[in-house]
Peer 1: 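Please find one structure pasted underneath; my questions will follow.
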Amino acid sequence: MLLLLLAYLGGVLTLLSPCILPVLPFVFARADRPFLRSTLPLLLGMALTFTVVASLAAVGSQWVAQANQIGRWVALVLMAVFAIALLWPTLADHLLAPFQRIGARLSARADAADAAGHGGAWTSLLIGIATGLLWAPCAGPILGLVLTGAALNGASVGTSSLLLAYALGAVTALALAVWVGGRVFRALQARLGLGNVVRRVLGVAALLAVVAIGLGWDTGLLTRLSAVSTARIEQGLLDAVPDAQPAAPPMMMMAAGQAGAPLPVEGTLPSLSGATGWLNSPPLSAEQLRGKVVLIDFWTYSCINCLRAMPFVHEWAQRYRDHGLVVVGVHTPEFAFERDPRNVMKAVQQLKVEYPVALDNQYSIWRAFNNRYWPAHYFIDAKGNIRGHQFGEGNYAHSEQVIRRLLVEAGQTDLPPPADPAAADLQGVATQADMGNLRSPETYLGHARAEQFASPGGQRADAVFGYTLPSTLALNQWGLSGQWRVNDEAAQLQQAGGRIAFQFHARDLHLVLAPGEDGKPVRFRVLLDGKPLPTADAGADVAADGTGTVNEHRLYQLIRQRGTIGPHRFEIEFLDAGVQAYAFTFG
C-alpha cells in the first residue's frame, strides 16, 4: 500500500516537470467541455495506455518497443490532424486529405455531442489513448524504482498496479490543471468572446507539441530543464517511508544472523526446475540436494560486483566440497547477450568456475527466491531450509562462518580452518573496490535506464542520430559523439570514430562492451582528461599505449589508477564501427 501511495505521489509530481509540457496542449484542447464526458475519458485513456505499454516494455520485450515506436508515430499523425481541426475545422472538413477529414469530423462530432448534452466520451478516450502513447514521463527515483522492479520481477498485477498508480497520480494533477484552465477558458469565452482565438492558440500549441515529440525533445532537452527538482522531492519521499526501496544498495551487506546468534529459518529451498540449462553438472533438484549444505550464488558474468565476489565463492567451494558443501551458481542474465549459453560457457571457462551452474534465462529461479540482487548468496542447511543470505559483495568472513555452522549442524566435525579474506590473491577485476574514493554509480547507456546523459538534444530511442559531446561534463554526466543507435539496452556505433565520454571519480572504470552483430573486433583507444592514457593507469584490457580491442561480449577494465584518485574526464574512441556499449561500472 505504501508503494502504491508513493507511485501515486510520484505521478502527481510529474506535473512539475517539463517533460509533461508536450502533452498539455492535447489535454487543454478539451478543457472547455464537460469534465465527465470529455476530460475524464481523455485522462483515463492516457493512464491506461501508459500502464499497458510500460508494463510490457519494462520486461524488455523488443517487439513491444518496436510496436510502441510505431504507435507513437500513428498517434503523432492523429494529434496533428486534431490540431489542424482546431485551427481550421471548415478547411479540414472540405479540402484536406481523408485522414484529416476524419480528424475534423471526430472533433466536430464530439463538439456536437457535448452541445447536445450526451456522448463525446469515446472520442475523448481515443485522444487520451493516443496521448498516452506520446507521453514520456520523467524517470525520477520513484518511477525508476517501479520500472526496475518490473524489469527484474516481470510483468505482474503488482507492477502494473504501481504503474497505474503513477499514471493516475499524473492524471489527478492534470485534471486539477484542466479544471483551472477550463474555468479560465469559459471566462474568456463568456466575457471577451475569445473562444475561437483560444481554440486556435491551442491548435498552434498542439502542432508545436507534435513537432517537439517528433524531434525527441520530450525525452531529451525538456527532461533536464526542470525548474523544480522533483527528483529531490521523490527521493525524500522514498527515504521517509520505511521499506519503500531496497534496504541497502547492491554492494552493502544484508546477511541474516550475527556471529553467535541462532540462524533463523527464512524459508525452504525453492525448485530449480526453471533452469533453461546446466553447466558442469546434470540438472539438479532441491530433493537431490537434501542432506547437503548448499550455497546458492546468483550472478551474471558481466557484473563487476559478482566478479569481485567470485574468488571467495571459489575458495569456499574448494575448501568445503569434501565436507558436504555444494555450491550452485545461478546465472541470471542482465543483458540479452548473457542469455546466449555459448557466451556463458566461455565465461565459465575463463573464470574457472568448476561447480554446477544453472542457466536462469527466464528468471524462474530468481523469482522463486524473490531475489533482487547481483550477487546474492543464500545458505541452505541439510534439511533444505534457507538459514541466511548475503546481498551484494563483502562480509566474506561472516558468510564463511554461516557455512561452517551449517556444516557442523549437519554432523561435520573435521572442518579445515577458515580462509583469511585478507590473504586472498585478487587480481584484475577481482581486486576489491576502493570504497573511500568511489563516487560514481553504475550507469546504463541504453535508453530504458539511462541517466545523466548530457549530449545536446538528449537520446533518440531506436534511431540513428549524430551526437556531439559537451565541452564540459559535471560529475557522473556522460555523452556520445558520432553516429549511434541507442536501443533499450545499449548504444551501438554506426560509423568509425565515435566516442563516449564520462566524468567520473573512482579508482577503476569498467565498461560492458560487445563487438558488432557481425562479430568483427572493434579497436579503441582511451583518453584521460583529453590526453593519452598514462601507462600506469591502464586497466587490464588496455595496452600500455592506451589502445585495446573489443572482441567478446563482456566487461572491460579500462582504467585502474595507481596514484592519487580524483575526478577525471574519461573518453574512449572507437576506430571501427559496430561496437555495442551497455553500462559503466566503477571500483
Peer 1: Check whether the side chains of T276 and Q362 place a donor and an acceptor atom closer than 3.5 Å, and report yes or no.
Peer 2: no

Peer 1: State, without any angle test, whether Y378 and D297 hold a side-chain donor-acceptor pair at a distance under 3.5 Å.
Peer 2: no

Peer 1: Just wondering, do R405 and L263 contact through their side chains at under 4.5 Å, heavy atoms?
Peer 2: yes

Peer 1: Got T332 and N371 here, is their nearest side-chain heavy-atom distance under 4.5 Å?
Peer 2: no

Peer 1: Is it possible for you to check whether R387 lies under 6.0 Å from the centre of the six-membered ring of F379, through NZ or CZ, and within 45° of that ring's axis?
Peer 2: no

Peer 1: Just by distance, no angles: are the side chains of Y444 and E334 close enough, under 3.5 Å, to form a donor-acceptor pair?
Peer 2: yes

Peer 1: Under 30°, 30 to 60°, or over 60°: which ring-plane class applies to W374 and W366, parallel, tilted or perpendicular?
Peer 2: tilted

Peer 1: So, using side chain to side chain contact (heavy atoms under 4.5 Å, CB included) as the criterion, who are the partners of P418 when residues are at least two apart?
Peer 2: Y320, E400, R404

Peer 1: K383 vs D381, test: salt bridge (Lys or Arg N to Asp or Glu O under 4.0 Å). Steps then yes/no.
Peer 2: CA-CA 5 Å; K383 297 179 181 179; D381 67 17; over 6 Å; no

Peer 1: Can you tell me if S440 and N476 form a side-chain donor-acceptor pair at under 3.5 Å?
Peer 2: yes

Peer 1: What do you reckon, are the aromatic ring centroids of Y355 and H314 less than 6.0 Å apart?
Peer 2: yes

Peer 1: Indicate, with yes or no, if the rings of Y396 and H398 have centres closer together than 6.0 Å.
Peer 2: no

Peer 1: Just how far is it from atom NE2 of H510 to atom SG of C303, taken to the nearest 0.5 Å?
Peer 2: 11.0 Å

Peer 1: To the closest 0.5 Å, what do you measure between CD (E442) and CD (E451)?
Peer 2: 10.5 Å

Peer 1: Would you tell me whether N305 and E393 have side-chain atoms, one donor and one acceptor, within less than 3.5 Å of each other?
Peer 2: yes

Peer 1: E552: what forms a side chain to side chain contact (heavy atoms under 4.5 Å, CB included) with it, not counting sequence neighbours?
Peer 2: K346, Q350, R554, Y556

Peer 1: Using 30° and 60° as the class limits, which term best fits the ring planes of F337 and H553: parallel, tilted or perpendicular?
Peer 2: tilted

Peer 1: Going by distance alone, is a donor N or O of one side chain under 3.5 Å from an acceptor N or O of the other, for T443 and R449?
Peer 2: no

Peer 1: Mind checking whether H377 and W316 have parallel, tilted or perpendicular rings, split at 30° and 60°?
Peer 2: perpendicular

Peer 1: Once you measure the plane-to-plane angle for F502 and F586, does it fall in the parallel (<30°), tilted (30-60°) or perpendicular (>60°) bin?
Peer 2: tilted

Peer 1: Nearest 0.5 angstrom please: Q580 CD to L445 CG, how far?
Peer 2: 12.0 Å

